[in-house]
Amino acid sequence: MTEQTEQEDRLFKDLGLSPEIQQAIDEIGFEKPSPIQAEAIPELLAGHDVIGQAQTGTGKTAAFGLPMLQYLDPGNDEVQAIVLTPTRELCIQVTQALRSYAEHLDIEIVAVFGGAPIRSQQAQLRSGAHVVVATVGRMKDLISRRSLVLTAARFVVLDEADEMLDLGFIEDVERILRMCPSGRQTALFSATMPPPIKRLADTFMYDPVTISITPKELTVDAIEQAYVEVPGRAKVDKLVEVVKEEDPEQAILFCRTKIGASRLERDLKNRGLDVKALHGDLSQGVRDGVMLAFKNHRCRLLVATDIAARGLDVDHVTHVINYDIPNSSETYVHRIGRTGRAGRTGRAITFVTPDQMRDLDQIKKDVKASISEWEKPEDRIEHARPPRRKRRDGNPAPLDDQPAVAVEEVPEVDEVVEVPVGGPAGQAEPADEREADTIPEAADGAVKLFVNRGARSGLTEEDLRWALREGAVLKDEQVADVRVLERFSFVEVDGDVAEQTVEYLDGTKLKGSGIRVEIARS
Ligand code: ADP
Ligand code: MG
C-alpha cells in the first residue's frame, strides 16, 4: 500500500515524457498518472517489456500509448508499432485515445478492423502509418494481402489479452508476434492472467517486468453508509426527497446503464433539479465539459454510470447515491470511494428495491460495513455534525430554488462504434464487435451465439438466462452455457433452437438497451 501511495504522488512531469506529449496530456486534462501509468510508463520508456495486469478503466491505454508515441520516429515511414485489440469497438477507442495523445506529434495512427471495407484501410496504410491499431483477424488479412508488413514493428502491444484468448485469437496473435522483429519491445495488458496468457508471455516476451495493480484497500471508515428500501416505481420521488433532505454540497448519483442515466437525468430535470449526466453515449468532448462543470462546482448533481465515472477524480463530493445498487461489492467500494476524501466525512446512500435486499446483504458482508436504514438528517442520533447548508461556492440556494432547466443541455451524440475511424462515413457494415474469423468451439450438438453486450453494460448471466427463457422460450436444458465477458457474451444453445433464439432475441431490448444476437461463425 505504501508503494501505491507513493506512486499516487507522482506527476506526469516525473515520468520522462517529451514536452509534446506532456502538452497533450495537459490539454486533455489528466492531472496525475494513474497507478498503472506511474509504474508502466518509466519501464516502457526504458525499453523493458511490460506485463500490466489491471482492471478496465485504470488507464492502460495511456500507460502503453504514451511511451509508444515517444518511441516512434516521425521521419520513418514504416509501421513501427502495432496494437492488437480483441474487438472493433476497442480498436476504435484505442485509436481515438492515441490520436489525442499524439495531438502535437507528426504521427499517423491507422485503425484496421473487420466489418468495414478493407480497401479504404489498405489505402490508409499505403499513405503511411507509424502505428497500426488492429483487430486480430483484420490484421492477419492485411498481412496476407501484403498491405501490411511488420518487419519494422519494434513496439508491439497486446491490449486486453485475456479477451483475445476468450475469443480464440491467441494462436493468431502468436503468428503475428512471430512476424515482428525479434528485437522488439512487447507490452501485454490484461485484466486477468489465465495460464495461456502466462505461457504466451513466457514464449514471446523478453524478461518482462510485471506490474499488477490491485484495487485500492477499502477506506470506508470515513463514509457513513445508509440504504433506502423503495419499490422501483417510487425511486425517483424518493430520490428527490433524499436529495432535498441531505442537501449535498455535491453528489454523484450512480446508475447502472446509460439509458437509466439519461432517463434519471430527464426525470430530475423535470422535477426542477440542476443536474448533469455523464455516460458512455456522450462524446469525449461533452464528457470533459460535464466533468469540468462538476469539478468547478458549477453543477451539484451528477448522474453517472460506472464506466463514465472512471477517471473522474473530484474532491469534496459529499454524497454518493447509488440510485441503482452496484452489481458487485467491488463496484460499491469504487463508487463510494468518491466521497469522504481528504479526511472529510462523506455519505453513501444506496437505493434498493425489495428484491435487491439480498444483494445489499452481500455487500454488507463483503465490505464489513454497517449500512443502516436511511433517516432524515434531523432524525439522526448523532446531532454533533452541523447540517451541511453552506456550499463551497457560497451559494446557499436551497434545491427548490434551482431553475427548472439546467443551463446547458447536454447534447446526445452518436455512439463511438458507429463512427468508423478514418474510413468514409456510412460505409461500415452494421456494428460487429468482434472479428469474424475464429470463435471458440461450442459443446457437442450446441451452437454458439454471440451477444454484442457484456458485463460493462450491466448485463449479467442471470439476465441472459432470463432472456433465453422468457424471450426465446427455451427450456433450461436447451441452454448449454452462458458466458458474460466484459464487452460481449456467448451463449450456447441446442442446435435445433439456435435460429429460433436469434430470431426471437436479436434486436430486442434487455435491461433498457438493444441486444444483437447472432450465430458465432467459426
Ligand atoms: P483501461 O484501458 O484500463 O480500461 P482506459 O485507458 O480506457 O482504461 O482509460 C479509462 C478512462 O480513464 C478514459 O476515459 C481515460 O481518458 C481516463 N484516464 C486515463 N488516464 C487518466 C489519468 N491519468 N487521469 C484521468 N483520467 C484518465
Ligand atoms: Mg483498455
Side-chain angles (χ1 to χ4, degrees), residues 4 7-15 17 21-22 24-42 44 50-69 83-103 111 133-135 157-164 187-192 211-215 258 278-292 294-295 304-315 331 334 338 416-417 433 454-457 485-487:
Q4 272 196 14
Q7 294 293 355
E8 268 171 29
D9 296 337
R10 304 213 19 201
L11 302 171
F12 276 110
K13 277 208 308 297
D14 306 329
L15 301 181
L17 293 164
I21 292 178
Q22 182 67 51
I25 295 167
D26 292 342
E27 287 166 4
I28 293 165
F30 293 170
E31 280 171 11
K32 57 179 186 179
S34 69
I36 186 111
Q37 291 163 359
E39 297 204 36
I41 290 172
L44 286 170
V50 165
I51 297 175
Q53 189 184 349
Q55 299 302 313
T56 37
T58 47
K60 293 189 285 294
T61 319
F64 65 75
L66 303 179
M68 181 186 81
L69 291 169
V83 181
L84 284 174
T85 63
T87 65
R88 165 199 162 104
E89 183 199 32
L90 207 63
C91 174
I92 294 170
Q93 265 178 32
V94 167
T95 304
Q96 289 174 333
L98 294 180
R99 285 184 182 159
S100 70
Y101 307 151
E103 178 69 29
V133 185
T135 53
V157 179
L158 310 180
D159 194 17
E160 313 253 3
D162 50 355
E163 291 210 345
M164 292 200 260
L188 181 154
F189 289 87
S190 199
T192 59
I211 296 167
S212 80
I213 302 296
T214 40
K258 297 191 279 204
L278 198 60
H279 56 77
D281 271 349
L282 306 172
S283 72
Q284 189 63 45
V286 173
R287 273 150 69 169
D288 291 348
V290 171
M291 275 197 202
L292 208 65
F294 193 67
K295 274 189 181 179
T305 56
D306 292 300
I307 297 160
R310 282 175 187 163
L312 179 72
D313 185 24
V314 278
D315 292 328
T331 309
H334 202 223
R338 296 178 186 274
V416 161
V417 271
E433 274 202 28
R456 242 194 193 202
S457 73
L485 304 176
E486 188 72 11
R487 293 181 186 74

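We count ligands from 1, going down the list as the structure has it; atoms in each ligand are counted the same way. Here, residue 1 is the first one in the sequence, and each next residue gets the next number.
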Item to check | Pair E39-R10, salt bridge (charged side-chain N to carboxylate O under 4.0 Å, His left out): steps then yes or no | outcome: CA-CA 10 Å; E39 297 204 36; R10 304 213 19 201; over 6 Å; no
Next on the checklist: Is there a side-chain contact (heavy atoms from CB on, under 4.5 Å) between M68 and L98? Walk through the geometry before answering.
Outcome noted: CA-CA 10 Å; M68 181 186 81; L98 294 180; 3.7 Å; yes
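Here Q37 has side-chain heavy atoms under 4.0 Å from ligand 1, and that is the only part of it that gets that close. Neither the backbone nor the side chain of Y101 comes within contact range of ligand 1; no heavy atom lies under 4.0 Å.
Heavy-atom proximity to T58, at under 4.0 Å, picks out these atoms of ligand 1: 1 (P), 3 (O), 8 (O). Atom numbering of ligand 1 starts at 1 in the shown order; those under 4.0 Å from a heavy atom of T61 are 2 (O), 5 (P), 6 (O), 7 (O). Remark: ligand 1 atoms within the under-4.0 Å shell around heavy atoms of S34 are 23 (N).
Not a single heavy atom of A54 sits closer than 4.0 Å to an atom of ligand 1. Look at K32 and you'll find a heavy atom under 4.0 Å from some atom of ligand 1.
You'll find the side chain of F64 reaches within 4.5 Å of the side chain of V83, heavy atoms only. The shortest side-chain heavy-atom distance between L278 and F294 does not fall under the 4.5 Å cut-off.
A parallel orientation is assigned to the rings of F30 and F12, their planes being inclined by less than 30° (bins at 30° and 60°).
Comparing heavy-atom distances from atom 17 (C) of ligand 1 across F64, F30, F12 singles out F30 as nearest.
Residues E160 and K60 are not paired through a salt bridge, judged by the lack of any N-O separation under 4.0 Å between the basic side chain and the carboxylate.
Not one N or O of A62 is nearer than 3.5 Å to an N or O of ligand 1, by distance alone. An N or O contact shorter than 3.5 Å is missing between E31 and ligand 1 by distance.
For D14, the side chain to side chain donor-acceptor pair (under 3.5 Å) criterion is met by no residue, not counting sequence neighbours.
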